[in-house]
K.L.:
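Have a look at this one.
Lettering of chains follows the sequences in order, A, B, ..., and the numbering in each one begins at 1. Given the structure is predicted, the values throughout are model-derived calculations rather than measurements.
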Amino acid sequence: MKKTKIHDFYAKLKEQNPEPKGELHYVNTYTLLVAVVLSAQATDVGVNKATKPLFKKIKTPQKMVELGEAKLKDYIKSIGLYNSKAKNVIKLSHMLLDDYAGKIPEDRDELQKLPGVGRKTANVVLNIAFGQPTIAVDTHLFRLGNRTGLAPGKTPLDVEKKLEKVTPPEFMRHAHHWLILHGRYVCKARKPACPSCVVRDECGFKAKSTLDS
DNA sequence: CTCCCGATAT
DNA sequence: ATATCAGGAG
């Protein structure tokens, strides 16, 4: 995609939503990390529903360890993949206490040493909690990057690298949120809302039919 | 590549 | 009924 078109792409998303924000609920950096770990292959709405009562009681790794895996499972059962997520959150909390003095590391490699934390989750934490211009490529960015032609790639990492190359510096900081929100509500997996899309003219994809229900 | 997995939209 | 959802680990 041409540079001017990419600039327009972001400019229009920015015009529509000047201060894009994530939709996961959290009360501090630790709960943000936990919320993102829990959000794997689950909807934000579903995760928020489960974490509301959880984070009311549990806001630190210390408290999470005290709660224990079995009780944590009760809180997060409505989210998918809860067995492995509960195990990961407890172990991750132990590691934060033992190896990081209870603090969340500001480094991607260190973050990825935590169980349940891969590159995407690490990038989210770095961006939201520490203000770094990282772009976390989740299912929405991967689909949108390929579908629109903005940043085609065979793997999420391919798409991430391409996005970092083509995204103008002025848009880097919030690119992640502009793209994820656009992917979630407009450039959807099942029924993309092309007719009402603000970057329709900057997009290489056209829905086969806009008349289907 | 497969497995983990319940809730929701289609 | 099935695809999809702020993926990661084995």
K.L.:
Rounded to the nearest angstrom, tell me the gap between atom CD in A/Gln41 and atom P in B/dT2.
P.N.:
15 Å
K.L.:
Flag the pair A/His7 / A/Phe171 as yes when their ring centroid distance falls below 6.0 Å, and as no otherwise.
P.N.:
yes
K.L.:
Indicate whether OP1 or OP2 belonging to C/dA9 is found under 4.0 Å from a side-chain N or O atom of A/Asn88.
P.N.:
no
K.L.:
Look at the side chain of A/Thr43 and decide which nucleotide, out of B/dT10, C/dC5, B/dC4, has an atom nearest to it.
P.N.:
C/dC5
K.L.:
Write down the distance between CG (A/Leu38) and C1' (C/dC5), rounded to a whole number of angstrom.
P.N.:
14 Å
K.L.:
Of the candidate nucleotides B/dC5, B/dA7, C/dA6, which contains the atom at the shortest distance from the side chain of A/His140?
P.N.:
C/dA6
K.L.:
Check every strand shown and say whether A/Val117 touches a base, only sugar-phosphate, or nothing at a heavy-atom separation below 4.0 Å.
P.N.:
sugar-phosphate
K.L.:
Please evaluate residues A/Glu164 and A/Lys161 with respect to the criterion salt bridge (Lys or Arg N to Asp or Glu O under 4.0 Å), reporting the C-alpha separation (whole Å), side-chain torsions for both, the decisive distance (0.1 Å), and the verdict.
P.N.:
CA-CA 5 Å; A/Glu164 286 182 344; A/Lys161 287 177 177 173; over 6 Å; no
K.L.:
What is the distance, rounded to the nearest whole Å, between atom NZ of A/Lys191 and atom C1' of C/dT2?
P.N.:
17 Å
K.L.:
Between B/dT8, B/dC5, C/dA6, which nucleotide gets closest to the side-chain atoms of A/Lys49?
P.N.:
B/dT8
K.L.:
Which nucleotide in the set C/dC5, C/dA6, B/dC4 lies at the smallest distance from any side-chain heavy atom of A/Asn83?
P.N.:
B/dC4
K.L.:
Identify whether any heavy atom of A/Val36 sits under 4.0 Å from a base atom; if not, whether one sits that close to sugar-phosphate; answer base, sugar-phosphate or nothing.
P.N.:
nothing
K.L.:
Using the C1' atom in both, what is the distance from B/dC5 to C/dA3, to the nearest Å?
P.N.:
14 Å
K.L.:
So does A/Arg143 get a side-chain nitrogen or oxygen closer than 4.0 Å to the phosphate oxygens (OP1/OP2) of C/dT4?
P.N.:
no
K.L.:
When you compare C/dG8 with B/dA7, how far apart are their P atoms, in angstrom units rounded to a whole number?
P.N.:
23 Å
K.L.:
Which part of the nucleic acid does A/Leu114 contact within heavy-atom distance under 4.0 Å: base, sugar-phosphate only, or nothing?
P.N.:
sugar-phosphate
K.L.:
Could you tell me whether A/Gly22 contacts a base, only the sugar-phosphate backbone, or nothing, with contacts defined as non-hydrogen atoms closer than 4.0 Å?
P.N.:
base
K.L.:
Any side-chain N or O of A/Arg119 under 4.0 Å from OP1/OP2 of C/dG7?
P.N.:
no
K.L.:
With a non-hydrogen cut-off below 4.0 angstrom, is A/Gly80 in contact with a base, only sugar-phosphate, or nothing?
P.N.:
base
K.L.:
Within the side chain of A/Lys162, is there an N or O that forms a donor-acceptor pair under 3.5 Å with the backbone of A/Pro152?
P.N.:
yes
K.L.:
In whole Å, what separates the P atom of C/dA6 from that of B/dC3?
P.N.:
24 Å
K.L.:
I want to verify a distance call: between C/dC5, C/dA6, B/dC4, whose nearest atom is closest to the A/Ala189 side chain?
P.N.:
C/dC5
K.L.:
Would you indicate what A/Asp44 reaches in the nucleic acid, counting non-hydrogen atoms under 4.0 angstrom: base, sugar-phosphate, or nothing?
P.N.:
base
K.L.:
Whole Å only: how far is the CD1 atom of A/Ile180 from the C1' atom of C/dG7?
P.N.:
12 Å
K.L.:
Classify the nucleic acid contact of A/Gly46 as base, sugar-phosphate or nothing, counting any heavy atom under 4.0 Å across all strands shown.
P.N.:
nothing
K.L.:
Using a strict threshold of under 4.0 Å (side-chain N to carboxylate O), is an ion pair present between A/Lys91 and A/Glu69?
P.N.:
no
K.L.:
In whole angstroms, how far is the C1' atom of C/dT4 from the CG atom of A/Leu144?
P.N.:
16 Å
K.L.:
So, are A/Lys5 and A/Asp201 salt-bridged, with charged N and O less than 4.0 Å apart?
P.N.:
no
K.L.:
Between A/Lys120 and A/Glu160, does any side-chain N to carboxylate O distance fall below 4.0 Å?
P.N.:
no
